[in-house]
Asker: 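There's a structure below that I have some questions on.
Only this structure's heavy atoms are used, side chains among them; waters, hydrogens and symmetry mates stay out.
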Amino acid sequence: MKLASFLPSLFGLLGNVGSAALGDKMAAYNTAAQTAVKAAVTKVDDGVDHLQTAFTKWEASNPVAQEAIDGTIGLLRDLGIAVPKEDVVVTHVKAAIADLAGIFVPVTSADAVPAASTATKAG
């Protein structure tokens with residue numbers, strides 16, 4: 001058996017295992033961030049308002065953002081997952097805020113409604 005014929009399949013297998021492990025880690029970060037943002041919205045006074053503000057303009061001093069960052073780090077540590085650098089946590093918290101803003105923050109103007117939904121009123 002030649003080593004040269006064996007190595008490509010070994011590297012392919014290791015690449016697949018590495019991709020799956022990275023995907024699991026990213027999913028854990030995303031889930032922790034979304035859970036932390038939901039908890040922050042319910043914990044902070046006027047949480048939905050702060051969520052909308054964090055979505056509109058990111059400020060680390062936002063109480064929901066602060067609570068969500070700390071909560072994400074805490075959840076990851078509790079799960080035994082290595083906590084990434086804070087900027088990675090912030091990125092996941094921002095993404096979770098963007099995802100959850102559509103759920104918690106009501107649409108308040110006709111301009112915010114997608115054009116496709118208004119174009120279907122042809123009679």
Side-chain angles (χ1 to χ4, degrees):
M1 183 172 164
K2 291 185 178 182
L3 187 60
S5 64
F6 175 70
L7 285 179
S9 61
L10 176 64
F11 289 136
L13 176 65
L14 291 176
N16 289 340
V17 170
S19 295
L22 179 62
D24 288 345
K25 187 178 283 191
M26 296 301 287
Y29 292 167
N30 289 337
T31 301
Q34 286 196 354
T35 302
V37 170
K38 290 175 188 175
V41 167
T42 60
K43 185 176 182 180
V44 172
D45 290 338
D46 300 321
V48 173
D49 294 335
H50 289 296
L51 176 70
Q52 183 175 15
T53 301
F55 176 69
T56 305
K57 181 181 178 197
W58 175 259
E59 292 178 350
S61 62
N62 182 306
V64 167
Q66 288 178 347
E67 187 68 36
I69 292 167
D70 292 343
T72 301
I73 291 170
L75 284 169
L76 291 172
R77 286 185 178 148
D78 289 347
L79 293 171
I81 298 171
V83 177
K85 295 178 182 177
E86 187 171 336
D87 60 332
V88 174
V89 173
V90 168
T91 299
H92 285 280
V93 167
K94 286 180 180 180
I97 286 172
D99 288 344
L100 297 172
I103 297 168
F104 290 123
V105 180
V107 175
T108 57
S109 73
D111 294 335
V113 177
S117 65
T118 58
T120 58
K121 291 185 178 181

Asker: Name all pairs fulfilling the side-chain hydrogen bond (donor to acceptor under 3.5 Å, both in side chains) condition that reach into residues 27-36, sequence neighbours left out, sorted by first residue then second.
Answerer: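 Applying side-chain hydrogen bond (donor to acceptor under 3.5 Å, both in side chains) to every pair that reaches into residues 27-36, excluding sequence neighbours, yields Asn30-His92, Gln34-Asp99.
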
Asker: With salt bridge (charged side-chain N to carboxylate O under 4.0 Å, His left out) as the rule and sequence neighbours excluded, what pairs involving residues 46-63 come up?
Answerer: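 Counting only pairs at least two positions apart or across chains, the salt bridge (charged side-chain N to carboxylate O under 4.0 Å, His left out) contacts touching residues 46-63 are Lys57-Glu59.
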
Asker: If I take atom CD1 from residue Ile97 and atom OG1 from residue Thr53, how far apart are they, to the nearest 0.5 angstrom?
Answerer: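 OG1 of Thr53 is found 10.5 Å from CD1 of Ile97.
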
Asker: Show me the donor-acceptor pairs within less than 3.5 Å that the side chains of residues 64-90 make with the rest of the protein, sequence neighbours left out.
Answerer:
from: Glu67; atom 1: OE2; to: Lys43; atom 2: NZ; distance (Å): 3.1
from: Thr72; atom 1: OG1; to: Ala68; atom 2: O; distance (Å): 2.8

Asker: Ignoring hydrogens, what is the shortest heavy-atom contact between Ala96 and Val37? Give both atom names and the distance.
Answerer: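 Heavy atoms of Ala96 and Val37 come nearest at CB-CG2, 3.8 Å.
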
Asker: Among pairs that include at least one residue of residues 38-61, which meet ring pair (Phe, Tyr, Trp, His ring centres under 6.0 Å), considering only residues two or more places apart or in two chains?
Answerer: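 Residue pairs with at least one partner in residues 38-61: there are none.
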
